[in-house]
Amino acid sequence: MLPKKNRLVTRGDFKGVFRGGLRARSGPFQLMCQKNKTNNARFGFIVPLSVSKKAVRRNKLRRQMHEFIRMMIFQKISGYDCVIRAYPGADELQYDEMGQYIMEMIKKAGIL
RNA sequence: UGUAUAUGCCGGGUAGUUGCCCCCGCUAAGGCGGGGGAGGAAAGUCCGGGCACCCUCUCUGCCAACAUCUACAAAUCUGUGGCAGAGCAGAAGAAGAUAGUGGUUAACGACCACCCCCCGCAGCCACGGGGCGAGACAGUACCACAGAAACAAAACAGCCAAUCAUCAUCAGCCCUGAGUAUAAAGCUUGGAGCAAUGAAAGAGGUAAUGGUGAAAAGAGUGAGGUAAAAGCUCACAGGCGUUAUUGGCAACAAUAACGUGAGGGAAACACUUAUCUGGUGCAACUUCCAAUUUUGUCCACCGCAAGUGAAUACAAAUCGGUGGCAAAACGAGAGGGCUUGAUUCCGGCAGUGAUGUCGGAACUAGACAGAUAACUACCACCCCCCGCCUCGGUGGGGGAUACAGAACCCGGCUUACAGGCAUAUAUAAAAA
RNA sequence: GGCCCUAUCGUCUAGUGGCCUAGGACGCAUGGUUCUCAUCCAUGUAACCGGGGUUCGAAUCCCCGUGGGGCCG
């Protein structure tokens, strides 16, 4: 998991990112980004009920996304608020496949 | 030993790397060190309780204003109102719930023990399974189709000639008209009545019989009885009710006596009886407070302007506006509620049991876009394939490891669940 | 977290315990009409969410699940 200061917390934080405009999509994921005024990068993850009806699967997918961001690219990004949303089909992917899709989105968005 | 069912229990382990949440200690801070970190169902939300607030009522205390009475006045008392606290307090209801008995419990529709009924099963032994298991001689409705008829008695078909009414026969009895004959009797013929025989189902009797149907006035068998019949009567067997005795805390069971002849369903009803229930739910409730709104005998500035002044101008009050301050409302966000509790474990005692009680020990998640994880290796267990040998061991490779994630907390119920352990029962094979 | 509602052919729906072997509309299929298509006509197709129970009998009544939908501060 990411430290608490690197997470998006309130409803207002998420609404701000939705209006940010910078978006990219790859496979069953969508990335939305907005610049913030700090040096921190903050991340939020959305796994709607339509991905899986089981709470265990949704929580696991969210944790895996947290883990991938933390391990791979967390140190390289700064000054952005990002939200990653999952769509149906995401719960059937392996950890490596999920990582490839997320990397692709980040390259498309060009925030590295 | 295998398989099946039921019940109870367990629900992978170790190590490494990188991380997350909470608590404690140290530090100026960054951070460092230590400790803890999902379940048997955390799920469904089908029930029950704790706890919190609200409504009503009762009691206690305090408060001030008004009213009334008394009094010179004050105090006190009463009523109304407000605040605080307490309360095994919750009338009523065409509202809701429960329903065999006894017990357990904080409480329950849960649990335990027993009773009764149904099924497995030929069976009121036993065993296993199931049961919303009070009342259908208070009321309102319902019982399709078929059938004579579906619950109230009747109608219909059928049966019956004992009775009444009718018809026929008549060589019996009796009365009588006419004819003939006569002393009378007699003979011939007609009529009414009685009896007998027969016909006929109009009145009447009968409900046992009636291709149906889930169910047919619901008491079976045998005998008597009758015109034909029927619990109409009797014997035996059985049902139901009341009473008594015995056993049991009780439901109830057994026996005896007396009585009795009743269709079904209340998981049909805003039906009855008995008992119980105030409402809402931690998104309860509460504290802080950004922005916003409203208010102000408050402060500052601006506008209008009585007025002042020769004049540029100055200018009180009122009213309007802006800002500040204060108060209230609202509710983005933050804090509390939030984990020591009908708690967990061990042991003793009581009880058939659910459970209770006594003693000792322990502290065991508190998140809030929501921590408890990700990856790797090895081991354990199960399955498959290949190789080796001492034939049940060993080596290698591959696969599988469930259901599922706390959100105020407990007690149940229900549903999901790879694999494993224990016990009981049934069954199959082998051995003795 | 808490509290509610609902489920019938492919779709929208009707359905007082028995006339339900579940009706209607739109679809879909086949045939007819037309030179052809559409329209129209005829015939067919296809459903009571699952499991127990009550009852002689259940889509309907009762219980337990499953799926779908809604509300709150």
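A quick note: this is a predicted structure, and the numbers were derived from the prediction, not measured. Protein chains get the first letters and strands the later ones, always in sequence-line order, with residue 1 at the start of each.
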Need the glycosidic conformation of [N]: syn if within 90° of 0, anti if not. Which one?
N      : value
B:G13  : anti
B:U166 : anti
B:G40  : syn
B:U197 : anti
B:A126 : anti

Paired with [N]: which nucleotide, if any, by Watson-Crick or G-U wobble criteria at under 3.5 Å for both distances?
N      : answer
B:A43  : B:U414
B:U3   : B:A426
B:U322 : B:A300
B:G93  : none
B:C234 : B:G222
B:G11  : none
C:C26  : C:G10
B:A207 : none

remark   = The residue, A:Gln64 or A:Asn59, whose nearest nucleotide of RNA chain B is more 5′ is A:Gln64
5' priority, RNA chain B, between A:Arg57 and A:Arg63 [closest heavy atom] = A:Arg63
Can you find a heavy atom in the side chain of [X] that is under 4.5 Å from one in the side chain of [Y]?
X        : Y       : value
A:Leu31  : A:Cys82 : yes
A:Ile102 : A:Phe68 : yes
A:Asn6   : A:Phe43 : no
A:Tyr80  : A:Lys35 : yes

ask   = Is there a donor in the side chain of A:Tyr87 and an acceptor in the side chain of A:Gln30, or the other way round, less than 3.5 Å apart?
value = yes
query = Does A:Arg70 come within less than 4.0 Å of A:Glu67, counting only side-chain N to carboxylate O?
reply = yes
Roughly how far apart, to the nearest Å, are [N] and [M] at atom [atom1]?
N      : M      : atom1 : answer
B:A144 : B:G128 : P     : 44 Å
B:C46  : B:C20  : P     : 41 Å
B:A329 : B:C285 : P     : 16 Å
B:C381 : B:U14  : C1'   : 16 Å
B:G360 : B:G131 : C1'   : 47 Å
B:C240 : B:G263 : C1'   : 15 Å
B:C194 : B:C167 : P     : 12 Å
B:C159 : B:G225 : P     : 25 Å

Would you kindly give the [atom1]-to-[atom2] distance between [X] and [N], to the nearest whole Å?
X        : N      : atom1 : atom2 : result
A:Leu61  : B:A404 : CG    : C1'   : 17 Å
A:His66  : B:A367 : NE2   : C1'   : 13 Å
A:Arg58  : B:A43  : CZ    : P     : 14 Å
A:Ile102 : B:A374 : CD1   : P     : 15 Å

note = The nucleotide from B:A369, B:A404, B:A373 with an atom nearest the side chain of A:Ile46 is B:A369
request  = For nucleotides 17-23 of chain B, just jot down a letter per nucleotide in 5' to 3' order: B, S or -, based on protein non-hydrogen atoms under 4.0 Å.
outcome  = -BSSS--
inquiry  = A:Phe45 and side chain to side chain contact (heavy atoms under 4.5 Å, CB included): which single residue from A:Val83, A:Leu61, A:Ile69 fits?
reply    = A:Ile69
remark   = Residues at least two apart in sequence or cross-chain that pass salt bridge (Lys or Arg N to Asp or Glu O under 4.0 Å) with A:Arg42, listed by chain then number, are A:Asp13, A:Asp81
ask   = Hey, does the side chain of A:Lys60 come within less than 4.0 Å of B:G405's phosphate (OP1/OP2), counting only N and O?
value = no
query = How long is the span from the CG atom in A:Asn59 to the NE2 atom in A:His66, to the nearest 0.5 Å?
reply = 10.0 Å
